[in-house]
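One structure is given here, and the rest of the page talks about it.
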Amino acid sequence: REARGLRLMIDCGFDDIAYPENLEFHKILTRLGVPHVWKERPGRHDWRYWAAHLEEHLEFHLSAMGAPNPSPDGAAE
């Protein structure tokens, strides 16, 4: 109950050392009916993977916190 409104995103590469645990967590959340975003894609737990997906994560988490998305010139939209 305390977690109502909580927004979760799990993003894991197929070659990530923690992929099995993340996949199991995703399955548990799904079985319990806990809404969440699950992303699995090629890659490992390294800077190359995160650099490719960082913008998407920042947008998700800013939205989840209710913060306005910044415009390219730095002002809030």
Side-chain angles (χ1 to χ4, degrees):
R1 275 185 289 213
E2 293 88 21
R4 278 197 188 129
L6 179 67
R7 294 182 56 202
L8 299 172
M9 175 192 264
I10 305 163
D11 182 346
C12 197
F14 297 125
D15 297 318
D16 190 313
I17 191 168
Y19 178 79
E21 292 86 356
N22 279 279
L23 179 59
E24 184 61 27
F25 184 51
H26 159 62
K27 289 177 180 180
I28 291 168
L29 292 175
T30 300
R31 192 168 46 248
L32 294 173
V34 176
H36 62 286
V37 175
W38 167 250
K39 304 220 177 218
E40 58 180 26
R41 31 190 166 200
R44 300 183 315 181
H45 195 94
D46 59 17
W47 285 112
R48 183 176 180 192
Y49 184 90
W50 283 107
H53 307 291
L54 181 60
E55 183 176 349
E56 177 183 4
H57 280 261
L58 291 175
E59 288 174 3
F60 175 86
H61 294 292
L62 282 171
S63 172
M65 291 185 288
N69 289 331
S71 67
D73 64 3
E77 292 179 344

Who are the side chain to side chain contact (heavy atoms under 4.5 Å, CB included) partners of H45, not counting sequence neighbours? D16, W50

Residues clustered with I17, ILVMFWY side-chain links under 4.5 angstrom: none

Counting only N and O atoms by type, is there a donor-acceptor contact under 3.5 Å from the side chain of T30 to the main-chain atoms of H26? yes

Test of understanding: clusters of I, L, V, M, F, W, Y form through side-chain heavy atoms closer than 4.5 Å, transitively. Do L23 and I28 belong to the same one? yes

Taking ring-ring contact (aromatic ring centres under 6.0 Å, His included) as the definition, give me every residue that meets it alongside F25, ordered by chain and number, with sequence neighbours left out. none

Which residues pass the salt bridge (Lys or Arg N to Asp or Glu O under 4.0 Å) test with D15, sequence neighbours left out? none

ring-ring contact (aromatic ring centres under 6.0 Å, His included) against Y49, all qualifying residues, sequence neighbours excluded: H53

In short, salt bridge (charged side-chain N to carboxylate O under 4.0 Å, His left out) pairs touching residues 25-40 with sequence neighbours left out are K39-E56

Between R7 and S63, the two heavy atoms sitting closest are NH1-OG, 3.1 Å

The criterion is salt bridge (Lys or Arg N to Asp or Glu O under 4.0 Å); which residues satisfy it with D11, sequence neighbours excluded? R41

A52: which residues meet the side chain to side chain contact (heavy atoms under 4.5 Å, CB included) condition with it, sequence neighbours left out? none

All side chain to side chain contact (heavy atoms under 4.5 Å, CB included) counterparts of L54, not counting sequence neighbours: L58

Can you say whether the rings of W38 and Y19 are parallel (under 30°), tilted (30 to 60°) or perpendicular (over 60°)? tilted

